[in-house]
Amino acid sequence: MPSVYESAKSQYASLGIDTDAALATLAAIPISLHCWQGDDVTGFENLDGGALGGGLAATGNYPGKARNPDELRADLDKSLSLIPGKNRVNLHALYAETAGKKVDRDQLTPEHFSRWIDWSKNRKIALDFNPSFFSHPLAAAGFTLSSADQSTRQFWINHAIACRTIAEAMGKAQGTTCITNHWIPDGYKDIPADREAPRARLIQSLDDIFSHPIDPALNKDALEGKLFGIGVESYTVGSHEFYLSYALTRKKLLTLDAGHYHPTESIADKISALMLFLPEILLHVSRPVRWDSDHVVILDDELRSIGREIVAQKGFASRIHIGLDYFDASINRIAAWVIGTRNMQKALLLGLLDPVEKLRAAEGEGDYTTRLALQEEAKSLPFGAVWGQFCEQMNVPRGGAWLAEVKGYERSVLANRR
């Protein structure tokens, strides 16, 4: 009697789909896990204040959040052991380790991330990076790189330059390019009198930052726009249109965050349009609920559409960098990583198991009846058996078996954190 996977493989083959090839492709697509899920975007720097700012908010008080870098790395280790594939980890600058000394963000160096670099090398995990333009006294007025105050603006320019140097060091140590994402929360709560001036200052700041040479083989820069945020409901300096124009003219990556657009917009639809003009893009995959609320990614229609767009076009998967961006403090934080990452992988696999060639052939012939029929038939094929095979190949629990390990880790490790 054939195994469950062999039976599923045969059914997919009837539509011209090679499941073994799909699994090999999936294994080669890394997803960058965001470190800030593990500690609710607290970070480990030693600055006065410490309240989460920039319109960011982590809701919930589930016990056991990471209190120091070693705990965060241990939690990431546990999460990665339950997630198939070869993935990455995405760091923010406020996760520097300064040995108890006060080191402001414009003074950060690769040495302050040496333990992260050593950890990633030991585990053969590549790192990505982000400057942190929030939760800082010089961000309290609501403006950083677009500030009208020259000294404030220069501080943040220096911070970004320092971060690109750190990212370059990460890229060199890991032997693969580090993706550095730049997001700023700048904007106005109420209607501004001058929309142009902050954007003109932002252009100058970014040009200053990128005038400092960095080896593009070791670091690539991405720019992330946003529709609005808490405290900047009326005007966001770094809008989608602004960064799209900047990325096109300065040859940078554009970041699409699933929560940074109008609720009726789909970033899946934007991918093919942008890939015709941009060599690469960065995705921050999140789940907005009425606003950019950064809920844990679920396998909903939007995620499935995103996954399909990444893998349906030849060459897209190698030009699209995938990172997660959410932080839920109301549930077990390790489970949040595992659920979100596995769902992103499932969305990619569903795309790889789509009968794309037959669908395109029908579409090209104007046979939309066949196109619709095939799209619907594919939904009932035994995807779960193929996913289970992938988990077994990657030596991680299949199905919901991973949850027992998370619960055990919660009892033995997280419960001891107070």
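If you're wondering where the values come from, they're calculated on a predicted model, not measured in any experiment.
- Scored by the side chain to side chain donor-acceptor pair (under 3.5 Å) test, R250 finds D207 as partners (sequence neighbours excluded).
- The list of side-chain hydrogen bond (donor to acceptor under 3.5 Å, both in side chains) pairs with a residue in residues 269-280, not counting sequence neighbours, reads K220-E280, E265-K270, E280-H321.
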Output a table of donor-acceptor pairs, distance under 3.5 Å, between side-chain atoms of residues 333-346 and any protein atom two or more places apart or on a different chain; print 'none' if there are none.
residue, atom, partner, partner atom, Å
R333, NE, D40, OD1, 2.9
R333, NH1, Y62, O, 2.7
R333, NH2, D40, OD2, 3.1
R333, NH2, Y62, O, 3.0
W337, NE1, H34, O, 2.9
T341, OG1, W337, O, 2.7
R342, NH1, L82, O, 2.8
R342, NH1, P397, O, 3.1
R342, NH2, P397, O, 3.1
R342, NH2, G399, O, 3.3
N343, ND2, V297, O, 3.1
N343, ND2, I339, O, 3.2
Q345, NE2, P84, O, 2.5

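- Under the salt bridge (charged side-chain N to carboxylate O under 4.0 Å, His left out) criterion, the residue pairs touching residues 380-409 are K78-E405, E392-R398, with sequence neighbours excluded.
- Residues passing the salt bridge (Lys or Arg N to Asp or Glu O under 4.0 Å) test with E376, sequence neighbours excluded: K379.
- Ion pairing of R287 with D300 is absent here, as no side-chain N (NZ or NE/NH1/NH2) approaches a carboxylate O to less than 4.0 Å.
- For the 3.5 Å distance criterion, the side chains of Y188 and D194 fail to qualify, holding no donor opposite an acceptor.
- Screening S293, S286, P288 for a side chain to side chain contact (heavy atoms under 4.5 Å, CB included) with Y326, the sole residue that qualifies is S286.
- Residues passing the side chain to side chain donor-acceptor pair (under 3.5 Å) test with Q375: none are found, sequence neighbours excluded.
- Within the structure, the salt bridge (charged side-chain N to carboxylate O under 4.0 Å, His left out) test picks out the following pairs touching residues 113-133 (sequence neighbours left out): D70-R115, D77-R123, R88-D128, E97-R115.
- Residues satisfying the ring-ring contact (aromatic ring centres under 6.0 Å, His included) criterion with F133, sequence neighbours excluded, are W156, H159.
- A donor-acceptor contact under 3.5 angstrom links the side chains of K65 and T42, judged on distance only.
- A centroid separation of less than 6.0 Å is found between the aromatic rings of F129 and F113.
- Among residues at least two apart or in separate chains, side-chain hydrogen bond (donor to acceptor under 3.5 Å, both in side chains) pairs with a member in residues 226-235 are K226-D292.
- E111 CD: 12 or fewer foreign heavy atoms inside a 6.0 Å radius.
- Take F155 and apply the ring-ring contact (aromatic ring centres under 6.0 Å, His included) test, not counting sequence neighbours, and it matches H136.
- Annotation for D215: atom CG counts as buried by contact number, over 12 foreign heavy atoms lying within 6.0 Å.
- Expressed to the nearest 0.5 Å, how far SG of C35 lies from CG of N90 amounts to 7.0 Å.
- When the ring-ring contact (aromatic ring centres under 6.0 Å, His included) test is applied to H92, the partners found at least two apart in sequence or on another chain are W36, F134.
- Sorted by first and then second residue, the side-chain hydrogen bond (donor to acceptor under 3.5 Å, both in side chains) pairs with a member in residues 164-176 read R164-D221; sequence neighbours excluded.
- Within the 3.5 Å criterion, the main-chain N or O of L145 finds no donor-acceptor partner in the side chain of R201.
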